[in-house]
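Heads up, the thing below is written out as structure tokens.
FYI, the numbering just counts along the sequence from 1.
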Amino acid sequence: MSAAFETINRETLLKILEDIVNEDEHRIIRFLLSNTVIDTKIIGATEKKPFFSNVGTPQGDSLSPVLFTIYLEHALKEVRPVLPKPSTPLEKVLPREIAYADDVDFVAFQDIDIEEVVVVVVVVVVAVVVAVVEVVVAVVVVVLVVVVVVVVEIVVVVVVVVVVVVVVVVVVVEVVVVVVIVVVVVVVVVVEIVVEVVVVVVVVEIVVVVVVVVVVVTVVVVVIVVVVVTVVVVVTVLSHSTLKALDLLDDDDDDDNNKRRFNNNNNKDDNGGGGDDGDSGEDDDDDYDDEDNDYDYDEDDDDGKKKEEKNY
């Protein structure tokens, strides 16, 4: 075989290795075969042009012959059932193929065209490749279906989350509206209470002012009345005192007059004179005394009595 290592289908090789190596070894082999970069040197070119390769195993790697041997053995297992059956004891003893590394020889005991064997091998390989492709397509389809389902579920979850968020926002808005209404109602009630309290305070202040005014007016009236009464009393007392003083002065004058008349009468009696003129004069004095006495009685009974007593 020519270019044996470079023609290995890596996905087929990894599929074969699933039944041979454990999971860790399989992951390491997949890691070694992935992202392979090949540098090409073209004669006469000044720079290299690296590119990624997704087929074959690395040249010069000690693991590549082992991987190729496993890959080739799997292919031979597919070819052996279609090879001619051995008919003699010798044919049953001798091997059907001789393989070493990337060299394979098939042993034929009958006159058959080797090309037919190659065609059979190619058909088998193509069948394997088709099966692998079908598996890959199936896997891809399953993956796509799973991805679509997951995406649909994610979309559904997102829609549900959006609906929940919208519901929460609506609930929050309703709560905020209710809180605002409650706050407005409380503020209105508080304002009404404050207004009522202010009105009551104003009414109380007005009543207090009215009461104070009434009290002040009453006090002023009482003071005025007291002042007036005091003035009247003082005036009355002063008037009464003045009248008494005047009466006392009149009494003193009367006493002086009476004393003079009394002395005159005594002088007349001592002189022994008495005629018509003297009698008439005494009569006149008596009349004068009587008039004075009558006048004193008219002014004041008590004072009149005192004057009468003094006259006598």
Side-chain angles (χ1 to χ4, degrees), residues 1-41 48-86 92 94-107 117-161:
M1 289 185 183
S2 61
F5 290 174
E6 290 86 347
T7 57
I8 295 176
N9 188 314
R10 292 181 182 176
E11 294 298 328
T12 303
L13 175 61
L14 292 174
K15 183 70 177 175
I16 295 168
L17 290 174
E18 287 180 356
D19 298 330
I20 299 174
V21 298
N22 57 36
E23 185 176 355
D24 293 334
E25 293 171 346
H26 190 273
R27 185 167 55 252
I28 291 172
I29 294 171
R30 177 181 290 276
F31 178 76
L32 291 174
L33 295 178
S34 62
N35 298 325
T36 303
V37 179
I38 298 177
D39 289 334
T40 59
K41 185 176 182 180
K48 297 180 180 179
K49 293 183 179 180
F51 62 91
F52 288 97
S53 174
N54 56 5
V55 295
T57 57
Q59 289 287 342
D61 189 350
S62 60
L63 186 62
S64 295
V66 177
L67 296 177
F68 176 77
T69 301
I70 294 172
Y71 188 80
L72 181 60
E73 175 61 22
H74 182 75
L76 293 176
K77 285 182 179 178
E78 299 292 335
V79 171
R80 288 188 187 107
V82 299
L83 292 176
K85 300 294 181 183
K92 293 179 179 179
L94 294 175
R96 305 297 302 274
E97 74 278 342
I98 300 171
Y100 178 77
D102 57 348
D103 295 328
V104 179
D105 292 328
F106 293 97
V107 179
V117 176
V118 173
V119 170
V120 172
V121 171
V122 170
V123 169
V124 171
V125 171
V126 169
V128 171
V129 171
V130 169
V132 171
V133 170
E134 289 179 350
V135 170
V136 171
V137 171
V139 169
V140 171
V141 170
V142 171
V143 170
L144 289 177
V145 171
V146 171
V147 169
V148 170
V149 171
V150 170
V151 170
V152 170
E153 290 180 350
I154 291 173
V155 170
V156 171
V157 170
V158 170
V159 171
V160 171
V161 169

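For the side chain to side chain contact (heavy atoms under 4.5 Å, CB included) criterion with Val151, the lone passing option out of Val148, Val147, Val149 is Val147. Remark: of the listed residues Val150, Val156, Val157, Val150 is the sole one forming a side chain to side chain contact (heavy atoms under 4.5 Å, CB included) with Ile154. With Val142 as the fixed residue, the side chain to side chain contact (heavy atoms under 4.5 Å, CB included) test singles out one of Val139, Val146, Leu144: Val146.
Ile70 CD1 to Ile16 CD1: the interatomic distance, rounded to the nearest 0.5 Å, is 8.5 Å. The structure places CG of Asn22 at 9.0 Å from CZ of Arg27, a figure rounded to the nearest 0.5 Å. Annotation: the span from Ile29 atom CD1 to Asp24 atom CG amounts to 11.0 Å, rounded to 0.5 Å. Atom CZ of Arg30 is separated from atom CD of Glu11 by 5.5 Å, given to the nearest 0.5 angstrom.
The two residues Tyr71 and Asn9 come nearest to each other via the heavy atoms OH-N, 3.7 Å.
Without hydrogens or angle criteria, Arg10 side chain to Leu33 main chain gives a donor-acceptor distance under 3.5 Å. A donor-acceptor pair under 3.5 Å is absent between the side-chain atoms of His26 and the main chain of Leu17, judged by distance alone.
Within 6.0 Å of atom CD in Glu18, more than 12 heavy atoms from other residues, nucleotides or ligands are found, so the atom counts as buried in its surroundings.
Taking the side chain as every heavy atom from C-beta outward, Thr12 and Val129 never approach each other to under 4.5 Å.
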